[in-house]
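For reference, the structure is listed below as structure tokens.
All values below were derived from every heavy atom in this structure, side-chain atoms included, with hydrogens, water molecules and symmetry-related copies excluded.
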Amino acid sequence: MMRTRKGYPVYPLTAAQKFHFFYQNFCPKKEVLNIGTSLTIGTDLDWKVLKESAQKAIARCGSMRLRFAADKEGNWYQYVIEKDDRDIEFVDFSGKTMEEAEKTMTEWTRVPFKRQDSPMFRLVMIKMPDGYNGLYLLADHMILDAQSLICFLKDIIEIYCSTLFEGVPYPKEMASYIEQLQKDLAYEAGSKAKQRDEEFFRKIIESSEPIYNGVDGRRKLEEARKQTGNPNLRTAVNVSDSVDSALDIFHLGGEPTSRLMSFCEKYHVSLACLLIMGLRTYFQKANGNDDVSINTAIARRATLKEKKCGGTRIHSFPFRTIISEDKTFLEGVYAIRDLQNEYFRHANYDPVDYFALRGRTYPPAAPGHTYEPMSLTYQPLTMRDKELDKLGDIKYKTKWYPNGATTQAMYLTVMHHPEDNGLDFNFEHQVKAISREELELMYYYVCRIMFKGTENPDLSIGDIIKLV
């Protein structure tokens, strides 16, 4: 007999959702799961059509109608309601300054959602002081990730364009959230695929113990060794006692970015591989270790159904590479590509299980100790898309608003900038753990390493480290 709530069938949480729950539990600020973003377009909009388009997009996307509830034992589960009948708000910021408008939206982003049986997103139509108009979307990470967020906003814009403009086709249906959810749950229920994936990660974990590399070199590792009295300790604490965070953004222009992209095309590697290479080589330089681990996020959206089913599908795993300084830059990039491809094949595995397995294999020195100084997400999807081009040469802007809390010392999200297709390096970091100056220095070196390496792919890593 299927359990129901309010007449809807209920389902357990997926591994990706549990992972969010897992770190939210340790966080005093519950808005840590909030994602706030705006998409504005440099043209007047028909607000009535925009509102209708948004309502249609919500009706087409199951995960935007997700609700959560806890049973008596405190276990959370999810269900999808048929209709979200809420009105869509309209806020006119045109009499304010840009700073005031952005400050208000940042404040919205810091209001956590009620969990039990309540909507997990807020959508506002916004008229901005700079003449741009569009949408602000705040959503809980339990119902979407960056890719499904972009997919949802694109759906609204495409429905809007197809309503107002001749010859713009109505966008194709979204995929079923529930169908994908059932697949994920079947995998979790002890499938053969899950056993294979566990075997893959077990081998990686048991091969040898990783070592912590700090943004500012070996200081934190040496401190931890002193404190524990263990001169061979390989973990350190990299978070502070406060989850208060800031978002610092560094922008790499369109022209230099296109040089990096053409290297990727020429050698058939993804930009994510190049970014990992830049970051790991920076840590190698700063710490003197060939052995570097950082957390990397995998979107798990390979098939069209996965791309269009909404929800949150990100799994994040430690990504460890041991690349000696006598290897060439290109050999390093290829080693990362090969390992990444293996990770993609096994990425359905539950990251919480991964960390539990590693914790049993190498008992942690103390709570809060880690091997990874940071997490990386590269977001290849942009709103720059054929539907928007049909509007002619209309400019648009996207902006992310910080929720003010993070449980990690440093989380880097690299995204394409809408105006020049350059790269935005978005560093969300605990204010007490890492300073803006440290990030600036790191960003400077990572870029230098990537450019020196892409211009001279046959140079050894050791030489690159000396030259930058």
Side-chain angles (χ1 to χ4, degrees), residues 204 207 210-218 250-298 317-344 371-380 410 412-416 421-425 427 439-468:
I204 286 185
S207 65
I211 188 163
Y212 177 83
N213 292 277
V215 168
D216 57 349
R218 300 176 70 96
F250 302 105
H251 180 64
L252 182 67
E255 192 280 318
T257 298
S258 69
R259 299 206 306 265
L260 298 179
M261 303 291 276
S262 43
F263 170 88
C264 293
E265 276 168 40
K266 182 175 175 184
Y267 294 101
H268 305 287
V269 294
S270 69
L271 189 62
C273 292
L274 193 53
L275 290 165
I276 293 170
M277 184 63 187
L279 288 163
R280 71 155 311 286
T281 307
Y282 167 75
F283 285 110
Q284 190 169 9
K285 174 184 168 70
N287 293 266
N289 291 326
D290 293 344
D291 182 346
V292 178
S293 291
I294 61 173
N295 285 317
T296 63
I298 299 175
F317 297 101
F319 190 84
R320 178 189 184 193
T321 48
I322 304 173
I323 304 173
S324 60
E325 290 193 11
D326 56 2
K327 290 266 189 279
T328 67
F329 184 83
L330 189 59
E331 286 172 321
V333 171
Y334 280 154
I336 289 167
R337 179 191 65 183
D338 295 345
L339 183 59
Q340 257 212 324
N341 287 338
E342 286 190 55
Y343 265 64
F344 290 147
Y371 302 101
E372 286 80 30
M374 65 171 293
S375 289
L376 168 72
T377 301
Y378 166 59
Q379 190 47 263
M410 171 164 78
L412 168 61
T413 306
V414 181
M415 309 179 74
H416 289 275
N421 218 29
L423 291 174
D424 280 337
F425 287 73
F427 286 97
L439 292 177
E440 208 156 355
L441 195 65
M442 175 176 162
Y443 167 74
Y444 167 78
Y445 276 117
V446 169
C447 286
R448 291 212 42 170
I449 289 163
M450 290 195 298
F451 285 111
K452 186 60 79 186
T454 51
E455 286 154 19
N456 312 276
D458 297 330
L459 262 185
S460 76
I461 293 166
D463 285 344
I464 289 174
I465 285 172
K466 284 193 202 86
L467 289 167
V468 299

For [X] versus [Y], what's the shortest heavy-atom pair and its separation?
X      : Y      : answer
Gln379 : His416 : O-CD2, 4.1 Å
Phe317 : Ile298 : CD1-CD1, 4.2 Å
Gly453 : Ile464 : CA-CD1, 3.8 Å
Val215 : Ala286 : O-CB, 4.3 Å
Lys285 : Ile465 : NZ-O, 3.3 Å
Arg337 : His268 : NH1-O, 3.3 Å

Would you check if [X] and [Y] make a side-chain contact, meaning some heavy-atom pair closer than 4.5 Å?
X      : Y      : value
Ile276 : Leu376 : yes
Val269 : Leu274 : no
Asn456 : Lys452 : yes
Asn289 : Tyr212 : no

Side chain to side chain donor-acceptor pair (under 3.5 Å) partners for [X], two or more places apart:
X      : value
Tyr334 : none
Tyr267 : none
Asn287 : none
Ser460 : Asp463

Approximate separation, where rounding is to 0.5 Å, of [X] [atom1] and [Y] [atom2]:
X      : Y      : atom1 : atom2 : result
Met450 : Phe329 : CE    : CZ    : 8.0 Å
Phe427 : Thr413 : CZ    : OG1   : 10.0 Å
Thr296 : Glu372 : OG1   : CD    : 9.5 Å
Phe250 : Tyr443 : CZ    : OH    : 8.0 Å
Leu275 : Cys264 : CG    : SG    : 8.0 Å
Ser293 : Ile211 : OG    : CD1   : 10.0 Å

One pair to check against side chain to side chain contact (heavy atoms under 4.5 Å, CB included): Asn421 and Thr257. What are the steps and the verdict? CA-CA 8 Å; Asn421 218 29; Thr257 298; over 6 Å; no
Walk me through whether Glu331 and Ile461 qualify under side chain to side chain contact (heavy atoms under 4.5 Å, CB included). CA-CA 9 Å; Glu331 286 172 321; Ile461 293 166; over 6 Å; no
Evaluate the criterion side chain to side chain contact (heavy atoms under 4.5 Å, CB included) for residue pair Ile294 and Leu412; output intermediate values, then yes/no. CA-CA 11 Å; Ile294 61 173; Leu412 168 61; over 6 Å; no
All pairs passing side-chain hydrogen bond (donor to acceptor under 3.5 Å, both in side chains) where residues 272-283 contributes a residue, at least two apart: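 Sorted pair list: Arg280-Gln284, Arg280-Thr321.
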Once ring pair (Phe, Tyr, Trp, His ring centres under 6.0 Å) is applied, do any residues pair with Tyr343, and if so which ones, sequence neighbours excluded?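 Expected list: Phe200, Phe201, Phe319.
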Audit row: Tyr371, Arg320, side chain to side chain contact (heavy atoms under 4.5 Å, CB included) steps and yes/no: CA-CA 10 Å; Tyr371 302 101; Arg320 178 189 184 193; over 6 Å; no
